[in-house]
*Asks:* 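Can you keep this structure in mind? I'll have questions shortly.
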Amino acid sequence: MPTIRNIVILTGAGISAESGIDTFRSEGGLWERHRVEDVATPEAFARDPDLVLRFYDMRRAAIQTKQPNAAHRALARLDAAWPGDLLIVTQNVDDLHERGGARRVLHMHGEHLNAWCTACDARSPWTAPLLHRPPCPACGTSALRPDIVWFGEMPYRMDEIHAALRQADLFVSIGTSGAVYPAAGFVRGARDLGIPTLELNLEHSKGSAWFDETRLGPATEVVPAWVDQMLASV
Ligand code: OAD
Ligand code: ZN
């Protein structure tokens with residue numbers, strides 16, 4: 001195997017599932033209980049802002065009661081000890097990677113614990129509800145929305161992600177169903193660049209066939225085991 005220095009890790013809802021945060025597409029998942037078109041599009045926000053704000057207020061409150069699990073902590077352990085570059089690109093809008101101790105985390109779908117002002121464009125750390133239309137800390141206007149990338153909107157930090165992939169020696173995908181682009185396309189991008197690809201997931205994802213290797217199991221088991229293997233190679 002060629003020497004691995006730089007690692008890009010993509011994570012999805014599956015890594016936070018054992019922390020008690022709902023995934024989107026599993027049985028009983030969030031998108032079974034809520035219609036995407038009602039709560040996760042700019043059109044929904046324009047049509048019924050109270051419904052959308054209430055949905056995200058509940059989710060924002062919920063994640064603050066959850067704790068990082070062994071998979072988040074294992075990635076932080078790898079981050080601390082790995083001699084090359086390690087970047088975690090997450091589709092998750094929770095902060096469990098950070099609370100688990102990871103250093104470089106890029107939230108391509110936004111973050112529950114940020115509010116985004118549609119008047120002045122400022123982003124502010126936010127833990128409270130938004131339903132009562134609090135003023136923006138930067139400009140005072142009551143025009144805050146969740147800093148979440150809704151369907152039809154452009155994911156964040158794509159240039160940085162592509163740049164990191166071009167420098168990567170290994171691409172690892174953890175706990176994502178491969179249903180949402182552009183994240184679902186990273187594996188094919190990595191393959192085109194000749195980078196080895198590994199998937200860690202509870203079950204086969206839509207993109208499993210694209211990976212060089214897939215290891216199935218709960219994140220709290222397969223992720224620490226993979227991290228131990230990587231660290232043993234250092
Ligand atoms: P999904 O809910 O689509 O997929 C979660 C994946 O995690 C599935 O493949 C499960 O099999 C797997 N999984 C479940 N429990 C697991 C466990 N304990 N250990 C390991 N894997 C487990 O979530 P994402 O792929 O993250 O976007 O969804 C992508 C995007 O779609 C989300 O970021 C969200 C959603 O719409 C926005 O809200 C912008
Ligand atoms: Zn503002």
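No experiment lies behind these values; they were computed from the predicted model shown. Both counts, for ligands and for their atoms, begin at 1 and track the order of listing.
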*Asks:* Would you check whether I148 reaches within less than 4.0 Å of ligand 1, judged by its heavy atoms?
*Replies:* no
*Asks:* Indicate, as side chain, backbone, both or neither, the part of L202 found under 4.0 angstrom from ligand 1 when only non-hydrogen atoms are considered.
*Replies:*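 Within the 4.0 Å criterion, L202 contacts ligand 1 through backbone and side-chain atoms alike.
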*Asks:* Answer yes or no on whether R77 is positioned over the face of W82, meaning its NZ or CZ is under 6.0 Å from the six-membered ring centre and within 45° of the axis.
*Replies:* no
*Asks:* Which residue and non-hydrogen atom of the protein lie closest to atom 30 (C) of ligand 1, and at what distance in Å?
*Replies:*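 Nearest protein contact, heavy atoms only, for atom 30 (C) of ligand 1 is V180 CG2, 3.8 Å.
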*Asks:* What residue and heavy atom of the protein are closest to atom 26 (O) of ligand 1, and at what distance?
*Replies:* A13 N, 2.8 Å
*Asks:* May I ask you to identify, for A219, whether its side chain, its backbone, both or neither come under 4.0 Å of ligand 1 on a heavy-atom basis?
*Replies:*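 It is both parts that get close, each with some atom under 4.0 Å.
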*Asks:* Do side-chain atoms of D57 reach the backbone of L130 as a donor and acceptor pair under 3.5 angstrom?
*Replies:*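 Flag set: sc D57 to bb L130 pair under 3.5 Å.
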*Asks:* Within the distance-only criterion (no hydrogens, no angle test), does the side chain of N201 pair as donor or acceptor with the backbone N or O of G175 below 3.5 angstrom?
*Replies:* yes
*Asks:* Looking only at protein heavy atoms, identify the closest one to atom 33 (O) of ligand 1 and say how far it is in Å.
*Replies:*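 Ranked first by proximity to atom 33 (O) of ligand 1 is H109 ND1, 2.8 Å.
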*Asks:* Roughly how far apart are D48 CG and E43 CD, rounded to 0.5 Å?
*Replies:*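 Rounded to the nearest 0.5 Å, the CG-CD separation comes out at 13.5 Å.
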*Asks:* Only counting residues at least two apart or in another chain, list the ones meeting side-chain contact (heavy atoms from CB on, under 4.5 Å) with A119.
*Replies:*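 For A119, the residues satisfying side-chain contact (heavy atoms from CB on, under 4.5 Å) (neighbours in sequence not counted) are C117, C139, T141, A143.
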*Asks:* Would you say ligand 1 has an N or O under 3.5 Å from any N or O of S177?
*Replies:*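 Yes: some nitrogen or oxygen of S177 is under 3.5 Å from one in ligand 1.
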*Asks:* Hey, which atoms in ligand 1 end up nearer than 4.0 Å to a heavy atom of F151?
*Replies:* 36 (O)
*Asks:* Mind telling me whether F24 and W31 have parallel, tilted or perpendicular rings, with 30° and 60° as the class edges?
*Replies:* tilted
*Asks:* Looking only at protein heavy atoms, which one is nearest to atom 13 (N) of ligand 1, and how far off is it?
*Replies:* G14 CA, 3.6 Å
*Asks:* Quick one: closest heavy-atom pair of W210 and T197, and the distance?
*Replies:*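 The answer is O-OG1, 3.7 Å.
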*Asks:* Would you say the ring centers of H109 and Y156 fall short of 6.0 Å from each other?
*Replies:*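 Ring centres of Y156 and H109 not closer than 6.0 Å.
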*Asks:* For the side chain of W126 and the backbone of A128, is there at least one donor-acceptor N/O pair under 3.5 Å apart?
*Replies:* yes
*Asks:* Tell me the nearest of G12, G175, G217, A40 to atom 5 (C) of ligand 1, using heavy-atom distances.
*Replies:* G175
*Asks:* Could you grab the angle centred on the Zn ion (ligand 2), going from SG in C117 to SG in C139, to 10°?
*Replies:*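 SG of C117, the Zn ion (ligand 2) and SG of C139 span an angle of about 110°.
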*Asks:* So which protein heavy atom does atom 25 (O) of ligand 1 come closest to, and at what separation?
*Replies:*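 Ranked first by proximity to atom 25 (O) of ligand 1 is T176 OG1, 2.6 Å.
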*Asks:* Would you indicate which of E18, E199, K206 comes nearest to atom 18 (N) of ligand 1 when only heavy atoms are counted?
*Replies:*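 Shortest heavy-atom distance from atom 18 (N) of ligand 1: E18.
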*Asks:* For ligand 1, does Q91 get within less than 4.0 Å through its side chain, its backbone, both, or neither, judged by non-hydrogen atoms?
*Replies:* both
*Asks:* P218 heavy atoms, cut-off 4.0 Å: which ligand 1 atoms fall inside?
*Replies:*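 Per the distance check, 19 (N).
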*Asks:* Are side-chain heavy atoms of V89 and E160 found at a separation under 4.5 Å?
*Replies:* no
*Asks:* CZ/R60 to CG/D94 distance, rounded to the nearest 0.5 angstrom?
*Replies:* 13.5 Å
*Asks:* Would you mind listing which atoms of ligand 1 come within a distance below 4.0 Å of any non-hydrogen atom of V149?
*Replies:* 39 (C)
*Asks:* Hey, looking at atom 28 (O) of ligand 1, which of R59, E203, R25, E153 has the closest heavy atom?
*Replies:*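 Heavy atom nearest to atom 28 (O) of ligand 1 belongs to R25.
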*Asks:* Select the closest option to atom 36 (O) of ligand 1 among W31, Y56, Y181, F24, judged by heavy-atom distance.
*Replies:* W31
*Asks:* To the nearest 10°, how many degrees is the angle C136 SG to the Zn ion (ligand 2) to C120 SG?
*Replies:*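 For SG of C136 and SG of C120, the angle centred on the Zn ion (ligand 2) reads 110°.
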*Asks:* Which residue holds the protein heavy atom closest to atom 9 (O) of ligand 1, what is that atom called, and what is the gap in Å?
*Replies:* N201 ND2, 2.9 Å
*Asks:* Heavy-atom distance under 4.5 Å between the side chains of M154 and V149, does that happen here?
*Replies:* no
